[in-house]
Amino acid sequence: MNVKTRYAVAAAVAAATLLAGCAGQNGEDGGEDGVTVVAGFYPLEWVASRVGGDAVTVSSLTPPGAEAHDLELAPQDVAAVAEADLVVFLEGFQPAVDEAARSEAGDRAWDAGQAADLSLTAPAHDEEAHEDGAHGDEAHAGDEAHSVDEADEAADPHFWLDPTRLAAVGDALAGRLAEIDPDGAAAYRDNAAALRTDLEELDAEMQAGLTGCAVDTLVTSHDAFGYLADRYGFEVVGISGLSPSQEPDPAQLAEISELVNDRGVTTVYTETLIDPAVAETVAAEAGVRTAVLDPLEGLTDDSAGEDYLEVMRSNLAVLQQGQSCP
Ligand SMILES: [Zn+2]
């Protein structure tokens with residue numbers, strides 16, 4: 001080996017050492033600890049685990065059983081966001097996570113919504129208008145004109161309830177993980193392809209199982225099922241708004257009960273993570289039953305399955321009965 005070659009080898013070794021050093025506090029990627037991913041909430045955690053496989057350690061900021069929308073972060077959660085190799089979040093879904101991702105993670109934050117085609121909107125529930133509406137007919141009439149003028153619409157974040165949109169996020173995440181850990185690129189791509197196969201199989205089952213249902217209006221606790229309804233041909237009416245904290249007033253509840261009867265709805269859906277009282281009130285007023293439809297914003301011991309696929313298949317069975325599908 002001449003001097004020149006020896007110098008080149010030494011430089012290559014130094015560069016490799018530097019690269020490994022840059023990979024983060026855990027040492028080299030694919031090493032003992034691998035790549036660390038912090039996810040905002042359950043479906044993103046599940047996709048990151050499936051796509052990352054053994055090379056990636058995934059944790060979720062939303063603890064099991066917590067309401068995902070209004071999540072508040074403890075200092076150790078913010079520290080986890082600051083230290084992760086990648087933060088997988090959904091802009092516009094969890095304001096506290098959006099803020100931590102912006103301030104602590106910078107370009108290590110990855111917005112799943114970019115790959116999910118968030119094309120749906122829903123009427124924004126204007127809380128001030130609700131309060132005014134309850135004050136009397138005159139104020140109520142004025143408000144309605146006002147809200148029609150403004151045509152308030154908010155982007156619907158609940159894309160994961162359409163399995164094909166979740167598959168697209170898996171593919172895109174494989175690409176992002178490959179940027180962090182190029183040696184794992186092929187494995188991430190393969191894992192995403194396997195995930196896509198599972199999700200397309202689920203989608204085909206849902207297409208087949210939800211065709212020709214007698215009732216095509218879904219009345220749900222909060223407005224989480226827009227993408228599912230869009231994919232499988234239902235029209236969705238959320239009792240609360242896009243977030244469960246947007247509670248309806250008595251006039252809106254009466255309106256929904258009337259709609260339940262007009263459209264031949266036989267089942268009003270409650271959720272695992274929010275108080276069923278409001279949905280039960282609507283069901284009782286309209287004289288119909290309730291069933292649990294899971295928006296998969298979190299997974300608990302009470303969930304009807306161990307993972308996304310199992311809970312979605314449970315949702316399919318619930319919908320087939322609740323919507324009177326053949
Ligand atoms: Zn929601």
Side-chain angles (χ1 to χ4, degrees), residues 39-47 60-73 88-99 101 111-113 115-127 130 152-166 169 217-232 234-248 252 256 268-280 282 290-300 302-305 307-308 311-312 314-315 318-319 322:
F41 64 109
Y42 177 71
L44 301 183
E45 176 192 9
W46 182 71
V47 166
S60 175
L61 292 169
T62 308
E67 204 289 298
H69 286 267
D70 299 322
L71 183 71
E72 288 174 15
L73 297 182
V88 178
F89 74 117
L90 177 58
E91 179 87 49
F93 180 61
Q94 298 177 292
V97 176
D98 292 354
E99 195 189 322
D111 174 15
D117 181 21
L118 298 180
S119 54
L120 296 184
T121 55
H125 284 230
D126 181 340
E127 285 174 29
H130 288 189
D152 288 339
E153 296 251 295
D156 180 352
H158 302 89
F159 74 85
W160 61 92
L161 292 159
D162 170 352
T164 63
R165 281 177 158 88
L166 196 55
V169 167
T217 301
L218 287 185
V219 180
T220 65
S221 268
H222 85 287
D223 224 336
F225 295 90
Y227 290 97
L228 182 148
D230 187 55
R231 179 83 188 155
Y232 304 113
F234 295 110
E235 189 186 335
V236 72
V237 176
I239 297 172
S240 304
L242 282 169
S243 169
S245 60
Q246 299 168 321
E247 287 199 11
Q252 287 172 313
I256 292 168
V268 168
Y269 298 106
T270 62
E271 296 177 19
T272 41
L273 292 179
I274 62 176
D275 186 349
V278 177
E280 281 167 356
V282 170
T290 62
V292 178
L293 192 61
D294 194 333
L296 270 156
E297 289 174 359
L299 203 65
T300 73
D302 295 335
S303 301
D307 67 8
Y308 173 89
V311 175
M312 283 299 276
S314 158
N315 279 343
V318 168
L319 286 169

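Order of listing sets the numbers, starting from 1, for every ligand and every atom in it. Along the sequence shown, the residues carry numbers beginning at 1.
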Does the side-chain contact (heavy atoms from CB on, under 4.5 Å) test come out yes or no for Y42 and D307, once each step is laid out?
CA-CA 9 Å; Y42 177 71; D307 67 8; 3.5 Å; yes

Would you call the rings of H158 and F93 parallel, tilted or perpendicular, where under 30° means parallel and over 60° means perpendicular?
perpendicular

Has N315 got a side-chain atom pairing as donor or acceptor with D294's backbone, closer than 3.5 angstrom?
yes

Is the W46 ring parallel, tilted or perpendicular to the Y308 ring (thresholds 30°, 60°)?
parallel

Atoms named by residue and atom, protein N, O or S, within reach of the Zn ion (ligand 1) (under 2.8 Å):
H69 NE2, H158 NE2, H222 NE2, E297 OE2

Can you tell me if E271 uses its side chain to pair, donor with acceptor, with the backbone of H222 under 3.5 Å?
yes

Hey, does the side chain of E67 reach the backbone of H69 with a donor-acceptor pair shorter than 3.5 angstrom?
yes

